[in-house]
Enquirer: 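The structure under discussion is supplied below as structure tokens; questions concerning it will follow.
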Amino acid sequence: MEILDGKIVSAKVLENIKNESSIIIEKAGRPPGLAVVIVGDDPASAIYVRSKERKARKLGFHSEVIESNSSVSDEELTSVIAKLNIDDKIDGILVQLPLPEKFDTWKYLDMIDPEKDVDRFHPVNLGKIMLGRTNIYPCTPSGIVRMLDEYNVDVTGMNCVVLGRSYIVGKPMASMLTNRNATVTICHSRTKNIPEILSRADLIVSAIGIPGFVKADMVKDGSILIDVGINRVDTREAAEEFCTSKEIEKFEKKGYAITGDIHPAAFEKSSFYTPVPGGVGLMTVAMLMDNTFRLFLARTGS
Ligand code: GUN
């Protein structure tokens, strides 16, 4: 079993952006600009947004975070996005999800100028992905494909199983694998007999958010296991069962640890796997920077 190393591949993606961007920024007279809109006080979202801001700044990008508390009105939020749509400093707009429940998420995602839609969740962009008519993709599936490419994994003809049908990961992931000539099955909460479907998979992408859901006896020898889950476990038993030794150490200090959806014993049977942490999560942020840079190139005609 070989690790698909998110640390190494994400560093390479960021290094490439840095190298490519310096001359282009000078010519364009401004850096790529990323705006992140965050509403409410979800602690996980706050951590993700801070990490996006830090990475953008480190690359020399212009970075704005627009924070509102959950009592912000629909008019105010609409006006924030409308202003960003016509702000020349901004190439990429991202609305951090989930929005607090009272907000109609699609209303705001639909409002983002598709050319500034850095997450690629606008219906026009999701449609283009399905049709194979774009080369900019949602960050998480894009990061997964980038890792597979880095390790020369060709999915042509593979039986791929995607666990989860969200527009953030599952649906675009399935389209992208299909466009790369894989045979794809999407499973979700109503799917019958998931273990049997998994047992035939050459490659599994799990994005359901349940620690240890994919167990060793469900996967075949030599399968490729991609773990999108970022789950917090709060008991010692769970940490010891699901987490890496480093995360168990962290549990001792912090009282919680992070793990994915795939049981460590399943990784033992794989040919390639992505660890949590240190796998897909790092790629997601790196691809967000890559998408911002690509949108900047398109908008500046560079
Ligand atoms: N919340 C979890 N993943 C994502 C993502 O990829 N983009 C946004 N905007 N919010 C998220």
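On a predicted model such as this, the values are computed, not experimentally measured, just so you know. As the structure lists them, so they are numbered: ligands from 1, and atoms in each ligand from 1.
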Enquirer: Regarding ligand 1, does Asp119 bring an N or O atom to under 3.5 Å of one of the ligand's N or O atoms?
Expert: yes
Enquirer: With heavy atoms under 4.0 Å as the rule, classify the contact between Val95 and ligand 1 as side chain, backbone, both or neither.
Expert: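 The backbone, only.
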Enquirer: What protein heavy atom sits nearest atom 3 (N) of ligand 1, and how far off is it?
Expert: Ile168 CG2, 4.0 Å
Enquirer: Between the main-chain N or O of Pro114 and the side-chain N or O of Asn125, is there a donor-acceptor pair closer than 3.5 Å?
Expert: yes
Enquirer: Show the nearest heavy-atom pair for residues Val145 and Met176, with the distance to one decimal.
Expert: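 What the structure gives for the nearest pair is CG2-CE, 3.8 Å.
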Enquirer: List the steps, then state whether side-chain hydrogen bond (donor to acceptor under 3.5 Å, both in side chains) holds for Asp74 with Tyr108.
Expert: CA-CA 9 Å; Asp74 169 54; Tyr108 307 103; 2.6 Å; yes
Enquirer: Trp106 vs Tyr167, test: ring-ring contact (aromatic ring centres under 6.0 Å, His included). Steps then yes/no.
Expert: CA-CA 11 Å; Trp106 280 117; Tyr167 58 85; 4.6 Å; yes
Enquirer: Going by the order shown, which atoms of ligand 1 are within less than 4.0 Å of some heavy atom of Leu94?
Expert: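 Here the atoms of ligand 1 in question are 9 (N).
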Enquirer: Is it true that a side-chain atom of Asp117 and a backbone atom of Ile112 form a donor plus acceptor pair closer than 3.5 Å?
Expert: no
Enquirer: Provide, to 0.1 Å, the distance between atom 2 (C) of ligand 1 and the closest protein heavy atom, together with that atom's residue and name.
Expert: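 For this ligand atom, the closest protein heavy atom is Leu97 O, 4.1 Å.
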Enquirer: Using a 4.0 Å heavy-atom threshold (strictly under), name the region of Phe121 that reaches ligand 1: side chain, backbone, both or neither.
Expert: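 For Phe121, the contact with ligand 1 is made by the side chain alone.
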